[in-house]
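Chain naming here is simple, since letters A, B, ... match the order of the sequence lines and numbering starts at 1 in each.
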Number of protein chains: 2
Amino acid sequence: MEQRIDRIKKQLHSQSYKLTPQREATVRVLLEHEKDHLSAEDVYLLVKEKAPEIGLATVYRTLELLNELEVVDKINFGDGVSRYDLRKEGAEHFHHHLVCMECGAVDEIQEDLLGDVEKIVEKEWNFKIKDHRLTFHGICHRCQEKPAKKKEKVNPTQ
Amino acid sequence: MEQRIDRIKKQLHSQSYKLTPQREATVRVLLEHEKDHLSAEDVYLLVKEKAPEIGLATVYRTLELLNELEVVDKINFGDGVSRYDLRKEGAEHFHHHLVCMECGAVDEIQEDLLGDVEKIVEKEWNFKIKDHRLTFHGICHRCQEKPAKKKEKVNPTQ
DNA sequence: ATGTCTGCAAAGTGTTTGCAAAACA
DNA sequence: TGTTTTGCAAACACTTTGCAGACAT
């Protein structure tokens with residue numbers, strides 16, 4: 001935890017940004033919720049618990065900054081909100097997501113399953129791949145077990 | 001063209017919706033711009049050329065309806081706008097996209113490259129896949145040929 | 001007549017920006 | 001001191017909604 005903060009601090013400094021208390025609080029929230037896919041508002045509310053004086057705009061600006069530094073990835077599951085996902089250190093490929101259409105849960109797949117596909121795309125389409133986004137929409141293992149109850153359909157809207 | 005309109009008409013009727021002139025004009029615009037990835041506003045402006053009295057809200061409502069009927073797919077490349085992509089008839093899998101970070105062009109891959117990957121995900125993660133979204137961000141073949149000139153970086157922001 | 005659909009304007013939502021004050025180097 | 005960062009409020013961009021009138025069956 002502290003080491004990761006430290007590394008992010010250095011990364012900021014290397015571009016002459018500062019790790020202000022507000023930014024640190026934001027980063028901490030992200031670290032403590034690595035598994036969730038928080039929206040800016042979510043982050044704001046969580047940061048506010050520790051540092052009530054922070055403003056929403058600051059959170060947005062911090063998240064934007066972290067996105068530029070590639071500390072976080074900004075993702076969008078099509079529900080109209082941007083979510084922010086901490087990059088695994090050293091991960092050169094963005095991980096994949098499983099979005100449950102029943103309960104809305106978002107699980108992550110850390111393994112890179114696209115190696116072969118990317119080779120094909122680079123060769124056949126002559127496209128130099130820098131990054132990818134892969135999301136599956138379907139029913140998660142938890143909901144498959146549950147006896148199907150009345151469900152509000154969640155559209156794979158994105 | 002006329003056949004496709006006709007089929008969409010039947011699909012609407014089967015759910016007791018009507019293919020009103022406004023809806024038809026909207027569908028025609030989509031058919032005429034199948035390769036583009038139009039935003040609601042884009043569609044609105046194009047429809048307006050033929051049917052100037054149409055309202056933006058109607059276009060939104062029509063696109064929403066077409067999305068529910070799975071005539072179009074609503075997609076989001078992370079630039080804050082929803083785009084609408086006509087489904088290929090009979091295509092059960094959503095096609096993939098190549099987004100160029102240099103010129104912003106969006107190309108499509110119709111082939112389904114994810115068959116094997118989906119098998120793995122269904123088995124290993126016990127996730128019942130209904131749909132997927134796969135987008136590659138990188139440099140398109142056109143920009144690779146161009147002598148690299150001053151480029152505005154387009155973030156894989158989504 | 002009954003219900004669907006439309007256009008307009010207003011409201012909503014998530015995000016960004018302008019600015020003066022505060023913090024920092 | 002000069003630069004960066006912050007909080008607030010206002011501005012923004014895209015999308016949705018309420019409603020009265022138009023249309024269709």
Side-chain angles (χ1 to χ4, degrees), chain A residues 8-27 29 37-69 71-84 155 157-158, chain B residues 8-9 11-27 29 37-69 72-84 155 157-158:
Chain A
I8 291 166
K9 186 174 183 172
K10 278 180 190 131
Q11 213 176 332
L12 282 163
H13 284 163
S14 77
Q15 318 244 348
S16 50
Y17 292 116
K18 300 161 204 164
L19 185 63
T20 63
Q22 292 91 331
R23 287 177 182 163
E24 181 172 337
T26 304
V27 171
V29 162
H37 297 79
L38 303 175
S39 67
E41 183 92 30
D42 295 336
V43 174
Y44 170 62
L45 292 173
L46 288 165
V47 173
K48 225 170 158 54
E49 288 175 11
K50 312 173 178 180
E53 70 294 348
I54 200 169
L56 179 55
T58 302
V59 172
Y60 270 103
R61 283 185 282 230
T62 301
L63 291 171
E64 185 56 37
L65 180 59
L66 293 175
N67 185 49
E68 258 154 43
L69 296 180
V71 172
V72 302
D73 283 301
K74 192 174 178 181
I75 48 178
N76 191 315
F77 293 124
D79 56 356
V81 211
S82 289
R83 299 177 179 280
Y84 299 84
N155 254 38
T157 289
Q158 166 174 169
Chain B
I8 290 167
K9 186 175 187 173
Q11 213 175 333
L12 283 163
H13 284 160
S14 77
Q15 318 243 346
S16 50
Y17 292 116
K18 300 162 204 164
L19 184 63
T20 63
Q22 291 90 333
R23 287 178 181 164
E24 182 172 335
T26 304
V27 171
V29 162
H37 297 80
L38 303 175
S39 67
E41 183 92 29
D42 295 337
V43 174
Y44 170 62
L45 292 173
L46 288 164
V47 174
K48 227 171 157 52
E49 289 176 9
K50 311 173 177 180
E53 70 294 349
I54 201 168
L56 178 57
T58 302
V59 171
Y60 270 104
R61 283 186 282 231
T62 301
L63 292 171
E64 185 55 36
L65 180 59
L66 293 175
N67 185 49
E68 259 155 42
L69 295 180
V72 302
D73 283 300
K74 193 173 176 181
I75 48 178
N76 192 316
F77 294 123
D79 56 357
V81 211
S82 290
R83 300 176 179 279
Y84 298 85
N155 255 36
T157 291
Q158 162 174 176

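If you take OH of A:Y17 and P of D:dT5, they are 7 Å apart, rounded to a whole angstrom. Summarising the geometry, the separation between CG on B:L19 and P on D:dC23 is reported as 17 Å, rounded to the nearest angstrom. Put simply, CG on B:L65 is 12 Å from C1' on C:dT4, counting in whole angstrom units. Remark: C1' of D:dT6 and CG of A:L63 are 15 Å apart, rounded to the nearest angstrom. Remark: P of C:dC5 and CD of B:E24 are 15 Å apart, rounded to the nearest angstrom. Rounded to an integer number of Å, the gap from CD of A:E41 to P of C:dT16 is 13 Å. Following rounding to the nearest Å, B:D79 (CG) and C:dG14 (P) show an atom-to-atom distance of 18 Å. Rounded to an integer number of Å, the gap from NZ of B:K18 to P of C:dG3 is 12 Å.
Here the nucleotide nearest the side chain of B:S82, chosen from C:dT15, C:dC5, D:dT15, is D:dT15. Of the candidate nucleotides C:dC5, D:dT5, D:dT16, C:dC5 has the atom nearest to the side chain of B:R23. The side chain of A:I54 sits closest to D:dG7 out of D:dT15, C:dT4, D:dG7.
Residue A:S39 is out of contact with every strand shown, counting any heavy-atom pair closer than 4.0 Å. Residue-level contact check: A:E53 touches the backbone only, with heavy atoms under 4.0 Å from sugar-phosphate atoms and none from bases.
Annotation for A:H13 and A:L19: closest pair NE2-N, 4.3 Å, computed over non-hydrogen atoms. Contact record, B:K48 with B:P52: NZ-O, 3.0 Å, taken as the closest heavy-atom pair.
Between B:Q22 and B:E53, the closest side-chain pair of non-hydrogen atoms is not below 4.5 Å. In this structure the side chain of A:T58 never reaches within 4.5 angstrom of the side chain of A:T20, judged on heavy atoms.
For the OP1/OP2 pair of D:dT15 and a distance below 4.0 Å, the side-chain nitrogens and oxygens of B:Y60 include at least one atom meeting the criterion. The side chain of B:R61 contributes no N or O atom lying less than 4.0 Å from OP1 or OP2 of C:dC5. Residue B:Q22 has a polar side-chain atom (N or O) positioned under 4.0 Å from OP1 or OP2 of C:dG7. Between B:T58 and C:dT6, a side-chain N or O to OP1/OP2 separation shorter than 4.0 Å is absent.
Distance alone, capped at 3.5 Å, is enough to place a donor-acceptor pair between the B:D42 side chain and the B:S39 backbone.
DNA chain C is contacted by both B:A57 and B:S16; B:S16 maps to the nucleotide lying nearer its 5′ end (nearest heavy atom per residue).
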